[in-house]
Structures are given as C-alpha cells and as structure tokens.
Amino acid sequence: MLPFLYFVLLLTVSSFGFSLAEKPQLSNKTFPKNFSFGATTSAYQIEGAWNLDGKSQSVWDNATHRIPGIIKDLSNADIACDSYLKYKEDVALLKALGVQHYRFSLAWTRILPTGFADEVNEIGVNHYKNLIRELKNNQIQPMVTLYHQDLPQVLMDRGGTLNPLFPKWFEDYARVCFESFGDDVKHWFTINEPYIDCTVGFISGGLREGIDNYICAKHHLMAHAAAWHLYDNEFRARQGGKIALVLNSDWMEPASHSAEDVTAAATRMQFIWGWFGHPIYYGDWPDIMKTRIAMRSKLEGFNESRLPELTQEEIAYIKGTNDFFAVNTYTTTIVQAIEEPEISSPSLDKDIGVNAYQCSDCIASPSMSWLKFVPWGTRKLLKWFKDEYFNPDILITENGWADGTGQLDDDVRENYIKEYLSNIRDAMEKDGVKVIGYTLWSLLDNFEWASGFTAKFGTIQVDFSSPNRTRTRKKSSFYYERVCRTHCLVGTCEE
Ligand code: BGC
C-alpha cells in the first residue's frame with residue numbers, strides 16, 4: 001500500500017517542481033556570520049516632506065499632484081510615513097529588528113533641487129548625513145541607492161532618461177553623493193530597477209512602445225557605467241566601497257518540459273534580466289534580443305533595429321561595471337511558447353514573443369496582482385545568476401510580501417520570509433551560490449506607487465490616518481528579528 005501512496009504523492013508534484021501536498025522542509029543551516037540581514041525603503045515612498053527645506057519636485061510629486069487619478073486611492077506621498085522628520089524613530093525600529101544593514105535611497109531633488117550640480121542643497125545633504133550617523137551609531141551599515149524612480153521633474157522637462165545627457169547628469173549627481181557620504185557608505189546602488197524605469201516608469205513625452213524602452217535602457221546603462229567609473233577612478237581607493245546596479249524581475253518557469261516552452265522561458269529571462277545584466281557582464285545586449293528585435297524591426301518597416309546598437313567603445317565602457325549582483329525579486333512567472341506575434345505596432349512584449357502568466361494555484365497577494373507566493377523559484381533564479389554571470393556575490397536588495405490591510409497578525413508574510421530564506425539558504429548550500437545578504441522590502445508600510453496606500457509591504461505597520469504616523473511592529477517582525485539575530489530560520493540550526 002505504501003509504495004502506491006508514495007506514487008500518488010509523486011503525481012501531485014507539478015511540473016513546477018513542488019508538491020501541493022507536502023509542507024516544505026525548512027533549511028536548518030545557519031547563515032554564515034558575515035551574511036548581512038537588512039530592511040529597505042525608498043525616498044519617495046516613505047519620506048514625505050515633499051516641499052520642505054529646499055526640496056524640488058520629483059516626477060512623482062508632479063504626477064500625483066497633477067493627475068491624482070493615476071493612483072488607485074487618489075493619494076500621494078506628500079507625507080507618506082513622514083520619515084524625513086521621523087528618521088530617528090525608523091532607526092530605533094531597525095535597531096530593535098537587529099538588522100545588520102539598512103538600504104534606503106537618496107532623493108535627488110533634496111540634494112540637487114535644480115537637478116544639476118550647480119546648487120547643492122546643504123539642508124538636504126545634512127539630512128542624509130544625520131540619517132547615516134544615526135545608523136552607524138547603532139551599528140547598522142547604510143546601503144545607499146542613488147536613484148529609485150524619483151527623477152527631478154526639471155530633468156524630466158528636459159527629456160528625462162531619453163535625453164542622451166542623462167548619463168552626464170547622473171554622473172554629476174553621483175559625484176556630489178560620493179563626496180558627501182562616501183566615507184561612511186560601503187555599498188552603493190546606482191539605479192533601482194532600470195527595467196521598471198524603462199517600461200512602466202515615467203518616460204518623457206509619452207512613451208513610444210518598443211522604441212523608447214530601448215533608448216531609455218541604453219541611457220540607464222551608460223549612466224550606471226558613468227557612476228561606476230567615477231567611483232572606481234576617483235573614490236574607491238580612498239573610500240573602499242562597492243557599487244552595483246539593482247536589477248529586478250521574477251524567475252521564469254517553463255509552462256511544460258517541452259523544448260518550445262523551455263526556450264520561451266529562456267528568451268524571457270534574457271529579455272528582462274539579460275537586458276541589463278548581459279551588458280554589464282559581457283558588454284553587449286543578449287544575442288536573442290539583437291536577433292529578434294532586428295528581425296521584427298525589419299518586417300515593421302524600420303531601416304534599422306529599434307534596439308540601439310552599442311559601439312565597441314560603449315561596450316568596453318559598460319562591461320565589468322558591477323562589483324556585486326544586486327537583485328530585487330518577489331515571485332515567479334510561468335512562460336509558454338506561442339506563435340510569432342503578428343507584425344503591427346512595435347512593442348517590447350511582441351519582441352519577447354511569449355505568453356507569460358502567474359501561477360493560478362499559488363497563494364496570491366490580496367493587493368498586488370503580480371505577486372504570488374513561489375519560494376522555490378528564488379532558488380532556481382539564484383542558480384541561474386551563478387551560471388550566467390560568472391558566479392558573482394549576490395545581494396538580495398528586495399524581497400517581500402504585500403497584503404491589503406497592514407494587519408499585525410501577518411502570518412503569510414512570516415511564512416514568506418521563512419520559505420524564501422530557506423530556498424536562498426538551499427541555493428547557497430546545495431547549488432554553491434554566493435549570496436552575501438538579504439534585504440526585506442519593506443521596513444514600513446509605505447506608498448506603493450500606483451497602488452497608493454492600498455498595498456502594505458511593511459513588517460512594521462504605519463497608521464496613515466494618524467498625524468503621528470504611528471508605527472507598530474507586526475508579528476512577522478518578531479520572527480525576522482530572531483533570524484537577524486541568530487542567522488537561523490528554525491528552532492536550532494547547524495553550521
Ligand atoms: C520597487 C519598490 C516597490 C516594490 C514592491 C520594487 O519593484 O523597487 O519600490 O515598492 O518593488 O512593488
């Protein structure tokens with residue numbers, strides 16, 4: 001009887017490699033002593049103080065004020081978590097969590113209100129110096145993102161990321177940041193999620209799909225590389241830090257074992273991760289992007305590929321500009337092969353040419369349609385980075401779960417942290433992936449872009465109806481605290 005039951009159990013193992021009937025085995029291996037656990041936020045999403053102390057408007061200030069309808073609950077982040085004023089309270093919470101690092105972003109508009117480096121706003125600079133000092137006084141390492149979706153509106157008015165001068169503007173801004181904060185910052189991130197910035201982010205003058213995405217991407221890569229070279233040439237020897245681009249997306253799981261689906265998933269991996277990952281490790285766009293976009297561009301009547309060709313000089317400039325691999329990842333996408341999409345108006349999706357969807361029988365976030373609970377995908381993703389990008393040190397810069405209520409009893413988030421970290425530990429132990437740290441998105445419930453305050457990612461609740469923006473620790477924060485302090489996911493761990 002037993003072997004038969006075992007056979008039935010095996011049949012419940014789906015093509016995705018997990019069993020719906022089985023409870024996952026949590027890793028009982030201690031995370032290495034120097035593995036860094038942290039939490040993260042971004043400036044626009046938490047700071048508030050949108051027009052205080054000389055700050056100018058970012059594209060998000062501008063858009064939420066001008067067209068509130070673009071935000072689900074018609075809100076904006078004028079106050080958000082009020083963290084600009086409450087930063088000491090935030091650091092006290094980080095301290096209570098026992099994290100080793102805090103990843104946050106700088107508001108370009110606070111530091112350079114004109115967008116350019118001609119006028120440095122000392123009040124803005126001092127704010128971040130104070131935050132960094134407070135962190136260091138509490139033995140928390142600051143990890144700093146230069147640009148997290150909140151481009152100065154004045155630069156957007158000049159074409160934003162489509163202007164070929166964008167890399168130069170970014171380099172000038174980066175210099176001010178390295179000079180001001182570099183003695184205390186050992187982990188820098190240039191740009192958060194260029195993929196998002198060049199697809200659903202704000203692109204000046206109305207996005208021309210399938211064209212502007214690729215121009216934006218090239219400028220992001222050149223901007224990142226400019227900041228990397230600047231750091232490498234002028235600051236690294238003295239300041240001794242590292243600098244990386246933050247890439248994001250999902251693991252792409254083939255819908256079946258068929259060769260077509262496997263190829264479709266590999267194609268989507270290259271079009272999303274490889275779009276930025278391939279240039280910074282190999283210098284150029286992935287071959288599959290070059291081939292497919294050139295093929296479709298020709299059929300659409302373009303004289304040349306919509307994907308801008310990188311010159312040998314640009315290739316050499318971009319290649320090798322990632323000191324470690326920084327990754328934001330939350331979920332898994334299932335990918336299926338389809339017939340070649342018809343030739344009509346250009347689009348990134350048609351260039352990729354696959355069917356991508358989310359797993360229907362996984363636990364779904366009640367507030368974010370793209371977010372499903374698929375912990376095993378992260379292990380596969382990490383292994384893919386190892387194989388694809390020369391076994392880099394990997395820092396997970398974002399990972400987390402959203403509900404819609406911000407409830408204190410957040411069991412799903414606690415399980416998410418547990419099971420994702422367990423898969424990360426397995427990737428280290430069993431696949432030899434060099435993961436050096438994990439960062440929970442997010443420290444606080446905050447302004448979730450177009451979803452406003454309807455999606456809550458915090459391990460700490462924020463009461464947005466109170467003028468105090470009262471913070472209260474959720475259940476998951478106590479579990480995460482134990483992990484941060486013990487480096488162990490279960491009751492007892494072994495080395
Ligand atoms: C972004 C965050 C965002 C989070 C959840 C990441 O893509 O960097 O700003 O809040 O995902 O959607």
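Numbers here simply count residues along the sequence, with the first being 1. Whatever order the structure lists them in is the order used to number ligands and atoms, beginning at 1.
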Looking only at side chains, do [X] and [Y] share a donor and an acceptor under 3.5 Å apart?
X: D78; Y: H65; result: yes
X: D90; Y: Y102; result: no
X: N121; Y: D53; result: no

Would you say [X] has any N or O atom under 3.5 Å from an N or O of ligand 1, going by distance alone?
X: W449; result: yes
X: E448; result: yes
X: W370; result: no

Going by the atom numbers of ligand 1, which of them fall below 4.0 Å from some non-hydrogen atom of [X]?
X: F457; answer: 5 (C), 12 (O)
X: H148; answer: 1 (C), 2 (C), 8 (O), 9 (O)
X: Y330; answer: 4 (C), 5 (C), 6 (C), 11 (O)

Side chain to side chain donor-acceptor pair (under 3.5 Å) assessment of T331 paired with D250: CA-CA 5 Å; T331 194; D250 313 336; 5.7 Å; no
Residue part near ligand 1, for N192, under 4.0 Å between non-hydrogen atoms: side chain
Mutual orientation of the aromatic rings belonging to Y128 and F104 [parallel < 30°, tilted 30-60°, perpendicular > 60°]: parallel
Nearest neighbour of atom 7 (O) of ligand 1 from the list E193, M368, E398, on a heavy-atom basis: E193
Interatomic spacing from CG in L245 to NE2 in H224 - rounded to 0.5 Å: 5.0 Å
Test salt bridge (Lys or Arg N to Asp or Glu O under 4.0 Å) applied to E481 and R473, step by step: CA-CA 11 Å; E481 177 185 346; R473 286 183 63 168; 2.7 Å; yes
Non-hydrogen atom of I196 closer than 4.0 Å to ligand 1: no
